[in-house]
Amino acid sequence: MKLVFFGPPGAGKGTIAVKLAEKLGIPHISTGDLFRAAIKNQTDLGKKVKQILDSGALVPDELTVDLVRERLTAKDTNSGYILDGFPRTIPQAEALAGITELDAVINFEVSDEILIKRLSGRRICSSCGFIHHVEFQPPKHEGICDRCGGKLIQREDDSETSIRKRLSVYQNQTAPLLGYYEKTGLMIDIDGAPAPAEVLSSVTAALEHLK
Ligand code: AMP
């Protein structure tokens with residue numbers, strides 16, 4: 001199954017994608033994760049995009065599309081994938097349409113108030129990437145990942161200034177894609193406000209109807 005997870009930053013795309021990808025046995029492909037890995041490994045791409053990610057702006061379409069095009073040639077994508085955080089602009093969506101045919105676009109709907117609360121309290125494991133939240137999913141030991149014992153950090157772009165920038169980038173550059181995908185008939189709206197287990201079952205139920 002070829003899926004796109006769509007929605008503003010903090011909508012829960014990553015959290016649900018990890019769980020659903022495991023359940024369906026398909027890879028979870030997050031362009032944000034791919035960029036962060038490139039930055040961590042100090043590759044040429046990483047050096048090019050570090051400042052852009054820190055500021056909350058979007059990486060240029062060409063770089064992003066090339067990255068995804070390359071990733072989608074890997075064998076593990078043969079039986080499908082979940083694209084998380086891509087596409088984020090109309091040109092990216094048009095490029096994707098030229099690469100593959102999607103089964104569905106899951107649109108996670110969440111109010112700005114909840115998004116800000118989720119993003120500002122988010123803490124990521126610097127080692128395994130597992131996501132905690134100071135209020136909604138606090139670690140058993142402060143600053144330590146429950147899953148692997150790694151150090152929890154706050155993403156550079158989860159600062160208040162970057163959060164505001166990312167939400168406005170979403171409104172201006174990414175939200176116009178809603179109209180684009182509505183026309184394709186692929187879009188499924190999901191209420192992203194409840195706890196992850198409930199959102200996951202809504203997504204699973206919606207996908208059942210596609211079969
Ligand atoms: P995310 O982890 O999805 O919130 O992405 C983190 C950051 O990576 C974004 O704020 C952008 O700077 C960059 N990024 C991720 N996906 C894309 C994309 N599809 N197009 C452009 N920039 C992206």
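Numbering of residues begins at 1 and proceeds along the displayed sequence. Whatever order the structure lists ligands and atoms in, that order sets their numbers, starting from 1. Reckoned from all heavy atoms, side chains included, excluding hydrogens, waters and symmetry mates.
When only interatomic distances are considered, the shortest N/O to N/O separation between D84 and ligand 1 does not fall below 3.5 Å. Annotation: P9 places no N or O atom under 3.5 Å from an N or O atom of ligand 1; distance criterion only. Looking at ligand 1, you won't find any N or O of D33 less than 3.5 Å from one of its N or O atoms.
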Which side-chain N or O atoms in residues 20-35 pair as donor and acceptor under 3.5 Å with protein atoms at least two apart or in another chain?
residue, atom, partner, partner atom, Å
H28, NE2, D84, OD2, 2.8
S30, OG, G32, N, 3.4
S30, OG, D33, N, 2.9
T31, OG1, G85, O, 3.2
D33, OD1, R36, NH2, 2.9

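No side-chain donor from either of T89 and Y180 sits under 3.5 Å from a side-chain acceptor of the other.
Counting heavy atoms under 4.0 Å from ligand 1, residue R155 touches it through the side chain alone. Contacts with ligand 1 closer than 4.0 Å are made by no heavy atom of K13, backbone or side chain. When non-hydrogen atoms are compared, ligand 1 lies under 4.0 Å from the side chain of T64 (C-beta onward) but not from its backbone.
The shortest contact between atom 16 (N) of ligand 1 and any protein heavy atom is with T31 OG1, 2.8 Å. For atom 7 (C) of ligand 1, the closest heavy atom belonging to the protein is L53 CG, 3.7 Å. The protein atom (non-hydrogen) at minimum distance from atom 20 (N) of ligand 1 is Q92 NE2, 2.9 Å. Atom 9 (C) of ligand 1 has its closest protein heavy atom at R88 NH2, 3.9 Å. With respect to atom 12 (O) of ligand 1, the closest heavy atom belonging to the protein is A57 O, 2.6 Å. The single protein non-hydrogen atom nearest to atom 23 (C) of ligand 1 is F35 CE1, 3.8 Å, given as residue, atom name and distance. Given atom 22 (N) of ligand 1, the protein heavy atom at minimum distance is V59 N, 3.0 Å.
Although no hydrogens or angles enter the test, the distance criterion places no donor-acceptor pair under 3.5 Å between the side chain of T77 and the main chain of T73. Looking at S162, its side chain never comes within 3.5 Å of a backbone N or O of S159 through a donor-acceptor pair.
Closest approach of P87 to Y181, counting heavy atoms only: CG-OH, 3.2 Å.
Checked for salt-bridge contact, K50 and D54 meet the test: a charged N lies under 4.0 Å from a carboxylate O.
With ligand atoms numbered from 1 in the order given, ligand 1 contributes 4 (O) to contacts under 4.0 Å with heavy atoms of R166. Within ligand 1, the atoms closer than 4.0 Å to a non-hydrogen atom of R36 are 2 (O), 6 (C), numbered from 1 in the order shown.
Ring pair F130/H132 is perpendicular by interplanar angle, where above 60° counts as perpendicular and below 30° as parallel.
When each of V4, I190, L178, L186 is tested with N107 by the rule side chain to side chain contact (heavy atoms under 4.5 Å, CB included), just one qualifies, namely L178. The residue from R164, R166, K117 that alone fulfils the salt bridge (charged side-chain N to carboxylate O under 4.0 Å, His left out) condition with D158 is R166.
Centroid-to-centroid, the aromatic rings of F108 and F6 stay 6.0 Å apart or farther.
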